[in-house]
Amino acid sequence: MTSNIAESLNDVTKYARELPIVELLEYMKTLLERWTKEKLLKANGTFTYLGYKFNKELDDNGTLSHKLRVKASTNYIHTVIDGVRRYIVCLENKKCSCGQFQLDELPCPHALAALRQRDESFEEYCSPYYTRANLLRKYEIPVNPLPDEN
């Protein structure tokens, strides 16, 4: 069983695996340099609190949250009603009975509905890992060139 990353890497390096070892390493280094540069450019072009991918997911969750009704039990515990289903959101512990909030560390639609009722921002409820600042830090480390094979 392989992950999507392993399958993607296998597909991209299919031709290169036939090369001699030094050329294979050069190919892999060049591939990593290109990927790192592309990701850094994308991160630099992001001007939201979260990185592009996570901001989009949060926007999608926000759209879904508008149809939900919220009943507050306490300041931090809310019952969120989605049709006939009920979800319990605890903002203090960053948990929702749907499981998505604590798994993704990004507010699910139910948590966003509770936050909207409280007129509170989502930022402190997102993992710092998803922020633009952390995204930029990931690509600060350069892929250093290899010296001449001699």
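Below, all heavy atoms of this structure are taken into account, side chains as well, without hydrogens, waters or symmetry copies. Remember, it's a predicted structure, so these values are computed and weren't measured experimentally.
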Provide the closest heavy-atom pair for [X] versus [Y] in the form atom of the first, atom of the second, distance.
X    : Y    : answer
P107 : Y125 : CD-O, 3.7 Å
Q102 : C96  : OE1-N, 2.9 Å
C126 : L106 : SG-CD1, 3.7 Å
G62  : L112 : N-CD1, 3.4 Å
V89  : A114 : CG1-CB, 4.4 Å
P109 : L68  : O-CD1, 3.7 Å

Check: [Y] and [X] side chains under 4.5 Å, non-hydrogen atoms:
X    : Y    : result
T13  : L31  : yes
E57  : D104 : yes
N134 : R137 : yes

Mutual orientation of the aromatic rings belonging to Y15 and Y27 [parallel < 30°, tilted 30-60°, perpendicular > 60°]: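 The arrangement is perpendicular - the two ring planes meet at more than 60°.
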Working for side-chain contact (heavy atoms from CB on, under 4.5 Å), residues K42 and Y52: CA-CA 8 Å; K42 190 170 186 175; Y52 173 79; 3.9 Å; yes
Is there a continuous path of hydrophobic side-chain contacts, each under 4.5 Å between heavy atoms, that joins [X] to [Y]?
X   : Y   : result
Y49 : L58 : yes
L64 : V80 : no
L24 : L32 : yes

Pairs flagged by side-chain hydrogen bond (donor to acceptor under 3.5 Å, both in side chains) wherever residues 68-77 is involved - sequence neighbours left out: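 Sorted pair list comes back empty.
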By side-chain hydrogen bond (donor to acceptor under 3.5 Å, both in side chains), which residues pair with [X], not counting sequence neighbours?
X    : answer
Y130 : none
S65  : R116
D82  : none

Ion pair E33/K29, N-O distance below 4.0 Å: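 A salt bridge links E33 with K29.
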Value rounded to 0.5 Å, distance of [atom1] in [X] from [atom2] in [Y]:
X    : Y    : atom1 : atom2 : result
E23  : E18  : CD    : CD    : 12.5 Å
I77  : C90  : CD1   : SG    : 5.0 Å
S127 : E105 : OG    : CD    : 4.5 Å
Q117 : D119 : CD    : CG    : 10.5 Å
H110 : I81  : NE2   : CD1   : 11.5 Å

Neighbour count >12 (heavy atoms, 6.0 Å) for atom CZ, R118: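 Counting other residues, nucleotides and ligands, CZ of R118 exceeds 12 neighbours.
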Side-chain donor or acceptor of K67 paired with backbone N/O of G83 under 3.5 Å: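 Pair absent, no side-chain N/O of K67 close to backbone of G83.
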Verdict with supporting geometry, T79 and V70, side-chain contact (heavy atoms from CB on, under 4.5 Å): CA-CA 6 Å; T79 301; V70 180; over 6 Å; no
CA sep, side-chain torsions, deciding dist, call: L19, E26, side-chain contact (heavy atoms from CB on, under 4.5 Å): CA-CA 10 Å; L19 296 172; E26 183 66 32; over 6 Å; no
L135: side-chain contact (heavy atoms from CB on, under 4.5 Å) partners, not counting sequence neighbours: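 Per chain and number, L135 pairs via side-chain contact (heavy atoms from CB on, under 4.5 Å) with A43, K138, Y139.
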Whichever hydrophobic residues join F47 through chains of side-chain contacts under 4.5 Å: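 The other cluster members (ILVMFWY side chains, heavy atoms under 4.5 Å, direct or chained): none.
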Step-by-step side-chain contact (heavy atoms from CB on, under 4.5 Å) determination, L91 to F101: CA-CA 10 Å; L91 294 173; F101 192 7; 4.3 Å; yes
